[in-house]
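These notes are about the structure you will find just below.
Sequential numbering from 1 along the given sequence is applied to the chain's residues. Since the structure is predicted, the reported quantities are computational estimates derived from the model, not experimental observations.
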Amino acid sequence: MSKEIQFYKYQGAGNDFILIDNRKGSFDANNQQLIQQICDRRFGIGGDGLMLLQDTNNYDFQMLYFNADGKEGTMCGNGGRCLVAFARDLGIISRDTVFLAVDGRHDAQIQQNIVNLGMIDVNEYSMDGEAFVLNTGSPHYVEFVEDLAHKNVFQDGYAIRNNSTYGEKGINVNFIEPEENGYFVRTFERGVEDETYACGTGAVASAMSVALKSGKDGDFQIPIRVLGGQLSISFHKVGHQFSKVYLSGPAIQVFQGKIDIS
């Protein structure tokens, strides 16, 4: 018997996601093959990931995120921003929200198409040579480079993501370069296994690396340009501890439709 399900496509600075309202539990979150097929850009809808908006106690909604490979993922910052816009468009929230994700509680505010998303505090980091390694809800490697526009991000990111240092789980790989009005970042994402147009947790990790490199404390607001647009990251830093972390940028519905999942 044929079974259709309503889906929505959103993008946040070029990071694109398939969103499903699963408050009634009609979508099988354990069907890895189906999720992978839906995310396929040739045989499905196409997206960097798929998200389910679900009911949960004590929060406006729950975010359940899956990478394009069909496996449940760690926190996705741009995905979180898109899901906030989705919740607003569904009438679940108006401007302010508190929701639950895999890494815990998140607060957010939305005005028109701009979502300001609260991220987790970060209290530690390590170094891999001259690169910074931080977990901003997902693990990230951040390396400062030159001539980033011409760098082979797929080749170099793939090598770092799969090296023995990070084991089977791997790591997301960011390359960052200063420019006139902020910083330019390109990211190879595990789970997608390719360069993406943006990565929210990667932009946050990159901005924190800028602050760590500066050696300064205080309040920071750092513009991060990605292939798909512009993001802004703000936080308060004391030593290697980061609090009041926010990721801000656009989240826009691209289209919607129905897909047969029978």
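Leu50 and Leu19 are assigned to two separate hydrophobic clusters, defined by single-linkage of ILVMFWY side chains at heavy-atom distances under 4.5 Å.
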Walk me through whether Asp156 and Arg186 qualify under salt bridge (Lys or Arg N to Asp or Glu O under 4.0 Å). CA-CA 11 Å; Asp156 297 348; Arg186 294 174 66 187; over 6 Å; no
Would you please test Tyr8 and Leu53 for side chain to side chain contact (heavy atoms under 4.5 Å, CB included) and show each step? CA-CA 11 Å; Tyr8 302 79; Leu53 185 149; over 6 Å; no
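Between Phe144 and Phe132, the ring-plane angle classifies as perpendicular under the 30° and 60° cut-offs.
Phe17 has its ring centre no less than 6.0 Å from the ring centre of Tyr10.
Within a 6.0 Å radius of OH in Tyr166, more than 12 heavy atoms belonging to other residues, nucleotides or ligands are found. At most 12 heavy atoms of other shown residues, nucleotides or ligands fall within 6.0 angstrom of atom OH in Tyr197. Atom CZ of Phe43 has 12 or fewer neighbouring heavy atoms from other residues, nucleotides or ligands inside a 6.0 Å radius.
Within the structure, salt bridge (charged side-chain N to carboxylate O under 4.0 Å, His left out) contacts touching residues 214-224 (residues at least two apart or in different chains) are Asp217-Lys237. Among pairs with a residue in residues 136-145, those fulfilling side-chain hydrogen bond (donor to acceptor under 3.5 Å, both in side chains) read Thr74-Ser138, His140-Asn174, His140-Thr201, Tyr141-Glu143, at least two apart in sequence or across chains.
Considering only heavy atoms from C-beta on, Cys39 stays 4.5 Å or farther from Phe66 through its side chain.
Cluster partners of Leu100 are Tyr59, Val98, counting Ile, Leu, Val, Met, Phe, Trp and Tyr whose side-chain heavy atoms approach within less than 4.5 Å, directly or via other members.
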